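Single-structure report; data block below.
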Amino acid sequence: MEKIVWGEDFSVGVRVLDEQHKQIVTMVNTLIEMHDAKIESEIISDTLTKMTQYAISHFSKEEEYMLEYEYPDYPIQKKQHSEFKKKTVDFCMETMVRKETVPAEIFTYLRLWWTSHILKEDMKYKKFFNDRGLR
Ligand SMILES: [Fe+2]
């Protein structure tokens, strides 16, 4: 599976959030590499758990800014973030139960979710935050 290639098109214009997104992309890419190498699912589930924990703290930072600046699409973001959290918890459970291979759908989901969330949903706040002096 192809890794995610970070480019300027991924920049949401807020330095802290860009840095966090980069970390997440790196973690997702690590998982993709593991999948290609067919590493045992225990190591994958540990990495998946770390990525989820990091993502949760990133979501709260992002949501904190949205509340502070009264971002109108906050409910949409909140909903998408919750769906992601629920889905990854399910994934962690799944990988812990089955020890052999991790279903490809997990990697496909992570790759697709992060790229589309950053490029579509998060990108919508770029101008909003920048106009209010948050960069
Ligand atoms: Fe987001």
Side-chain angles (χ1 to χ4, degrees):
M1 192 182 301
E2 260 179 74
K3 291 202 276 182
I4 305 171
V5 182
W6 180 276
E8 262 312 296
D9 53 328
F10 274 83
S11 173
V12 294
V14 181
R15 203 187 47 84
V16 176
L17 301 178
D18 274 346
E19 286 311 313
Q20 293 179 343
H21 283 154
K22 274 185 199 166
Q23 289 287 329
I24 291 164
V25 166
T26 303
M27 288 167 126
V28 173
N29 283 339
T30 304
L31 282 160
I32 292 174
E33 270 174 23
M34 284 182 177
H35 174 64
D36 291 342
K38 303 220 183 314
I39 289 170
E40 55 181 304
S41 65
E42 221 169 321
I43 301 166
I44 296 181
S45 79
D46 285 351
T47 312
L48 196 52
T49 306
K50 282 193 194 109
M51 190 273 297
T52 308
Q53 282 165 348
Y54 191 84
I56 290 169
S57 69
H58 159 68
F59 292 151
S60 48
K61 185 74 207 163
E62 218 176 44
E63 289 172 20
E64 194 185 296
Y65 281 144
M66 289 175 194
L67 288 174
E68 192 183 329
Y69 290 83
E70 297 177 350
Y71 180 61
D73 282 349
Y74 169 77
I76 300 169
Q77 282 275 356
K78 177 108 183 138
K79 191 168 172 278
Q80 290 196 3
H81 294 165
S82 313
E83 280 165 3
F84 179 84
K85 283 184 254 183
K86 202 199 157 291
K87 189 96 180 174
T88 46
V89 168
D90 291 347
F91 283 159
C92 290
M93 300 298 257
E94 244 179 82
T95 50
M96 270 179 253
V97 177
R98 303 186 211 169
K99 293 283 176 200
E100 279 165 37
T101 53
V102 180
E105 63 166 301
I106 293 180
F107 304 93
T108 310
Y109 175 83
L110 291 177
R111 196 184 187 289
L112 188 72
W113 196 88
W114 282 108
T115 48
S116 70
H117 185 76
I118 296 172
L119 298 176
K120 288 182 197 149
E121 210 49 51
D122 289 346
M123 212 47 78
K124 288 183 195 164
Y125 62 57
K126 186 173 190 168
K127 191 177 182 308
F128 180 88
F129 282 150
N130 284 176
D131 285 351
R132 282 153 184 83
L134 182 66
R135 308 180 170 264

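For clarity, every value in this text was computed on a predicted model and none was experimentally measured. Indexing begins at 1, ligand by ligand and atom by atom, following the structure's order.
Between F128 and Y71, a ring centre-to-centre spacing shorter than 6.0 Å is recorded.
In this structure, the ring-ring contact (aromatic ring centres under 6.0 Å, His included) partners of F84, at least two apart in sequence or on a different chain, are F59, W113, W114. Legend: residues meeting side-chain contact (heavy atoms from CB on, under 4.5 Å) with D36, ordered by chain and number and at least two apart, are M1, I32. Residues satisfying the side-chain contact (heavy atoms from CB on, under 4.5 Å) test with R15, not counting sequence neighbours, are none.
With K126 contributing its side chain and S11 its backbone, the two residues share a donor-acceptor pair below 3.5 Å.
Among H117, K86, E121, the single residue meeting the side chain to side chain donor-acceptor pair (under 3.5 Å) criterion with H81 is H117.
Below the 2.8 Å limit, the Fe ion (ligand 1) has as protein N, O or S neighbours E62 OE1, Q77 OE1, H81 NE2, H117 NE2, D122 OD1.
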